[in-house]
Amino acid sequence: MWNAPKVGILGGGQLGRMLVESANRLNIQANVLDVENSPAKQISAHDGHVTGSFKERESVRKLAESCDVITAEIEHVDTYALEEVASKVRVEPSWQAIRTIQNKFNQKEHLRKYGIPMADHRELQNNTPEELAQIGEQLGYPMMLKSKTMAYDGRGNFRVNSEADIPEALEALKDRPLYAEKWAYFKMELAVMVIKTKDDVLSYPTVETVQEDSICKTVYAPARNVSDAINQKAQALARKAVSAFEGKGAFGVEMFLLEDNSLMLCELASRIHNSGHWTIEGCALSQFDSHIRAILDLPIPPKSLELLQPSIMLNIIGGATPDSHLKATEAALSIPNASIHLYSKGAAKPGRKMGHVTVTAATMHEAETMIQPLIDVVDEMRA
Ligand code: ATP
Ligand code: MG
Ligand code: MG
């Protein structure tokens, strides 16, 4: 048996909470760094948690003192703090990987060296309309203006349809470091969860993700109407992209499937990911189980990452009223085979991820039929 290692987690949101659920089942203590009573801390009663922020040097130092290995549920952390503590405690994945990945432009420049296909893009130096207009001439319209840093749920993206949109786009993303991306005319978005261990790079099956207003709405595992060849190709691309980074743990890889069936990387995340929540019910080892095992060098039988049953995950997102998500949850209670996960994040705001529901069934068609009434409820409650 292993020697009761203590895991430190930067961030106590829903991803941290689900990591704690996995750690708890192995009697592994997870010390969470975040504000008091954050979702992950609520399900973990011990005195090893740290109150503070994953963006503060002092808090990260304090967490490092009590842990054998440190990991993060979010990429927007102070990597200089991680660099400092890396001499005393293991940091997984590496602070170098997190630092490169947290800046989407640097991430892409890094991946380019490894031959990973992605949309053509240009960096902005001074965020002026003239500069962006020049880039627009090179990339064509529409193009996506993106914040290099602190981006999530599309908050950091602005679709620029023509030169006329440029002032509004720059106003929306002002004071942020920016780059622009050529529009990707995809027929579908795919994602793959990759698990990097001390000597292997493993992947879960390819899933289909559907975003609405740039926020992930549903995930279909396996991806619907996607050939086994594409499924395998997407997994291979995801593993290749993740292999470009140092360190162990789960990485979420988002991709575009283009009209000609070629694949392009959208972005990757150095952490457990929304597109992998279905693995809790859909596989023998969830992405959270695998992450904990990977960072602690515990065995991960590759077979445990295979799909057990077709699964559909639906995010429960804050809607038009503060209790929209509760109404959606109430509806989910009557859906057969539905596993409900609420994150206990307190007050709902429009667009805030409050929970998710996963339905599994013998066939994808059956799962689609079972979850449809819940999708209808969620659609009615949209903000
Ligand atoms: P996340 O919450 O996944 O971290 P994010 O804020 O980092 O999101 P992206 O993943 O870059 O943003 O983009 C969000 C969504 O916007 C994508 O899933 C896709 O639907 C759309 N999108 C992004 N880039 C492009 C592009 N170049 N062309 C067309 N659509 C795009
Ligand atoms: Mg992102
Ligand atoms: Mg994304």
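Order of appearance sets the numbers: ligands from 1, and atoms from 1 within every ligand.
Residue Lys182 touches ligand 1 through its backbone alone, judged by heavy-atom distances below 4.0 Å. Contacts between Asn157 and ligand 1, counted as non-hydrogen atom pairs separated by less than 4.0 Å, involve the side chain only. Contacts between Cys216 and ligand 1 below 4.0 angstrom, taking non-hydrogen atoms only, are absent altogether.
Residue Tyr152 approaches ligand 1 through these ligand atoms, each under 4.0 Å from one of its heavy atoms: 2 (O), 4 (O), 6 (O). Of all the atoms in ligand 1, the ones that sit under 4.0 Å from a non-hydrogen atom of Glu254 are 3 (O), 10 (O). Interface of Glu181 with ligand 1, defined as ligand atoms under 4.0 Å from a residue heavy atom, comprises 24 (N), 25 (C), 26 (C), 27 (N). Those atoms of ligand 1 that come under 4.0 Å of a heavy atom in Glu189, given as number and element, are 17 (C), 18 (O), 19 (C), 20 (O). Residue-ligand proximity, Gly154 to ligand 1, at heavy-atom distances under 4.0 Å covers atoms 5 (P), 6 (O), 8 (O). Ligand 1 places these atoms under 4.0 Å from at least one heavy atom of Asp153: 1 (P), 2 (O), 6 (O), 8 (O). Residue contact check: Lys104 has heavy atoms under 4.0 Å from atoms 5 (P), 7 (O), 9 (P), 11 (O), 12 (O) of ligand 1. Residue Ala184 approaches ligand 1 through these ligand atoms, each under 4.0 Å from one of its heavy atoms: 26 (C), 27 (N), 28 (N), 29 (C).
Counting heavy atoms from C-beta on, the side chains of Glu189 and Leu257 never come closer than 4.5 Å. At least one side-chain heavy atom of Leu145 sits under 4.5 Å from a side-chain heavy atom of Leu170. A 4.5 Å side-chain heavy-atom check between Ile43 and Glu21 finds at least one atom pair inside the cut-off. Leu268 has its side chain within reach of Phe245: a pair of non-hydrogen atoms, C-beta onward, lies under 4.5 Å apart. You'll find the side chain of Ile135 stays beyond 4.5 Å of the side chain of Glu123, heavy atoms only. A heavy-atom distance below 4.5 Å is found between the side chains of Ile280 and His341.
Considering backbone and side-chain N/O atoms, Trp183 never comes within less than 3.5 Å of an N/O atom of ligand 1. When only interatomic distances are considered, the shortest N/O to N/O separation between Cys266 and ligand 1 does not fall below 3.5 Å. Ligand 1 has no nitrogen or oxygen under 3.5 angstrom from a nitrogen or oxygen of Phe256. Close N/O approach between Lys146 and ligand 1 is found [any backbone or side-chain N/O within under 3.5 Å].
Looking at Arg17, its side chain does come within 3.5 Å of a backbone N or O of Pro39 through a donor-acceptor pair. Between the side chain of Glu131 and the backbone N or O of Asn127 there is at least one donor-acceptor pair closer than 3.5 Å.
Between Gly156 and ligand 1 there is no heavy-atom distance shorter than 4.0 Å. Ligand 1 lies out of reach of Met143, whose nearest heavy atom is not under 4.0 Å from it. For Tyr185, the heavy-atom gap to ligand 1 stays at 4.0 angstrom or more.
By the side chain to side chain donor-acceptor pair (under 3.5 Å) test, Gln14 pairs with Lys345, sequence neighbours left out. In this structure Glu181 satisfies the side chain to side chain donor-acceptor pair (under 3.5 Å) test together with Lys108, Lys146, Tyr179, sequence neighbours excluded. Qualifying side chain to side chain donor-acceptor pair (under 3.5 Å) partners for Gln102, counting only residues two or more places apart in sequence or in other chains: none.
Listing protein N, O or S atoms at distances below 2.8 Å from the Mg ion (ligand 2), with waters left out, gives Glu267 OE1, Glu267 OE2.
Between Asp120 and Arg122, at least one side-chain N (NZ, or NE/NH1/NH2) sits under 4.0 Å from a carboxylate O, which counts as a salt bridge.
With hydrogens left out, the protein atom closest to atom 15 (C) of ligand 1 is Ser214 OG, 4.1 Å, a heavy atom.
Ring pair Phe256/Phe186 is parallel by interplanar angle, where below 30° counts as parallel and above 60° as perpendicular.
For His76 and Tyr152, the distance between ring centers is not under 6.0 angstrom. The aromatic ring centroids of Phe288 and His277 lie less than 6.0 Å from each other.
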